[in-house]
Protein chains: 2
Amino acid sequence: MPANALGHRARLNETRCQTCSLSSLCLPLALEVEDMDRFDAIIRRRAPLKKGEALVRQQAPFSSVFAVRSGSLKQLISAGSGDEQLSNFYLPSELVGLDGIDEGSYQGTVVALETTTVCEIPFDRLDGLSENLPELRAQLYRSLSKELRDDRRMLRLLSRMTADERLASFLVNLSSRFRRRGYSAYSFRLSMSRADIGNYLGLAVETVSRILGRFQQQQLVAVSGREVNILDLKKLSELANDGCPYDG
Amino acid sequence: MPANALGHRARLNETRCQTCSLSSLCLPLALEVEDMDRFDAIIRRRAPLKKGEALVRQQAPFSSVFAVRSGSLKQLISAGSGDEQLSNFYLPSELVGLDGIDEGSYQGTVVALETTTVCEIPFDRLDGLSENLPELRAQLYRSLSKELRDDRRMLRLLSRMTADERLASFLVNLSSRFRRRGYSAYSFRLSMSRADIGNYLGLAVETVSRILGRFQQQQLVAVSGREVNILDLKKLSELANDGCPYDG
DNA sequence: CGAGTGGTTGAGGGTAATCAAGGGGTGTGG
DNA sequence: CCACACCCCTTGATTACCCTCAACCACTCG
């Protein structure tokens, strides 16, 4: 068998939802085997993104949503006066681009934080398919609705929480998202810079740094560069005072 | 013709989308006449809500979304420690309850700010109908997506804007929403209290009051209690520094 | 080796919160 | 009809949190 044929086979295999380790979290989660094949068929593979590469650019015409396969991304929304608001981090199984449906253009530039692979899902195909697959439709609604819910959580964080609470909430939230994806909830690597964290949480970089230092002194976490070890998740959750400490 | 029959006819008529003045903004906006009738058929009329009455309560099981016909509402999300975050105001034609789809329960308590009428739309019926009506489906996606977009705007507001900018942005946003609904963009009545505004914008009541006073001194607005007259929408928009000054 | 990036730490100042008090409107009951 | 209470709003004084500015360190890369 020629090498390129094997390569082709392997590549196809990689994109198959049935063999994807994320299938229990991703869009097709509720589909039967044959329906999953139909879903599979509309997905487009993309070359992996390098760190810093943009997946979509703000105001580019909306055509697809993207499911993260591996790696992570950030969404930046820039408004007139130059400043860029970091509005979201995306981890594996999460959907990028849903906020572009309304206006028909992407609402922010989405940039890879590390080497990242995504599945491209053309939205018109997805919409057509969902016509006959109530489960897929429901899952799409849930994804949209969940993002709304997360944003509302952020609204509360930004309008009512102190800097300490924001950082605690951020770490606890990351922790539970990693846990859900089968990674350790206690030990992980931040793919984003301190500046990104500050931007996201509405804090200055210096404040992020200082508070992480304080958390370390208080034996809540051990931080070394971007490596994080959570030492006292319970106290951190209390600090975050988030309502639902163990949910992402 | 007996009086109650007339009453019944009139009541039915009121709820018909075809005669509703909001039809160009609301969910069925893209539907053909016969499809609109089918949509009409699933809508449930509700008795008007009095000021302060709750439309839905946080954590109650999700079953319907609600389109605002007249009046206005606020959504309150309460987290463990007693504080309540005001996450949204809803004006006529806007949809309440979309963020409940994901978890199957309403994410906040939604309370009428004044006498308010809504159309109840059972979500399972809506979902079923949308199966065969791509335009309805698209509009539903747009509604969800638009709410995401609005929330992202709020994230930026809360994390990067000064108190002055927040108030300006709030007023400009209200103004354009009123305009879109056929009301004056320059003269309107706030249905929410200063406390509500402060809660929503992440500011103390005192700050809201002070800044409104300052805006008045600067001839940007004329405020008398809850009556607002916008005197210089252009300057206010610049102050808000929102990117898109004339969009709701 | 120098430049650049990302992170940490320290000093000082500004913005908005908090604390405190008083005014104006409305509704209710005497 | 008036008095009182209550809520909403305003205004003033003080305080605190976090931002800004600035310097420095560790590491990477040309």
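Treat the numbers as computed from the prediction; the structure is a model and nothing was measured. Sequence lines set the chain letters: A, B, ... in the order given, protein chains first and strands last, and positions in each chain run from 1.
Regarding A/Gln216, its CD atom lies at a distance of 9 Å from the P atom of C/dT9, rounded to whole Å. In this entry the distance linking CZ of B/Arg160 with C1' of D/dC19 reads 12 Å, nearest Å. Atom P of nucleotide D/dC8 and atom CG of B/Leu113 are separated by 12 Å, given to the nearest angstrom. Atom CG of A/Asp164 is separated from atom P of D/dC19 by 12 Å (rounded to the nearest Å). C/dG6 atom P lies 13 Å from atom CD1 of A/Ile197, rounded to whole Å. For the pair A/Ile211 CD1 and C/dG10 C1', the interatomic distance rounds to 16 Å; values are reported in whole Å. The distance between atom CG of A/Asp196 and atom P of C/dG7, rounded to the nearest whole Å, is 9 Å. Residue A/Glu227 contributes atom CD, which lies 15 Å from atom C1' of C/dG7 at whole-angstrom precision.
Residues A/Glu114 and A/Ser72 have side chains that bring a donor and an acceptor to within less than 3.5 angstrom of each other. Between the side chains of B/Thr109 and B/Gln58, no donor-acceptor pair of N or O atoms lies under 3.5 Å.
Within the 4.0 angstrom heavy-atom criterion, only backbone atoms of the sugar-phosphate kind lie near A/Gly202; the bases stay farther away. Across all strands shown, B/Leu203 has heavy atoms under 4.0 Å from sugar-phosphate atoms exclusively, and none from any base. Using a 4.0 Å heavy-atom distance criterion, B/Ala204 is classed as a base contact.
Contact annotation: side chain of A/Arg210 to base of C/dG10, donor-acceptor pair present below 3.5 Å. In this model, no side-chain donor or acceptor of A/Arg214 finds a partner on the base of C/dT8 within 3.5 Å.
Out of D/dC9, D/dT11, C/dA17, the shortest distance to the side chain of B/Glu206 is found at D/dT11.
When each of B/Thr117, B/Thr116, B/Val118 is paired with B/Arg69, the side chain to side chain contact (heavy atoms under 4.5 Å, CB included) condition holds for B/Thr117 and for no other.
Side-chain nitrogen and oxygen atoms of A/Ser209 include none within less than 4.0 Å of the OP1 or OP2 phosphate oxygen of C/dG7. In this structure, A/Arg226 does not reach the C/dG6 phosphate: none of its side-chain N or O atoms is under 4.0 Å from OP1 or OP2.
Here the shortest heavy-atom pairing between B/Ile230 and B/Leu171 reads CD1-O, 4.1 Å.
The aromatic ring centroids of B/Phe188 and B/Tyr183 lie 6.0 Å or more from each other.
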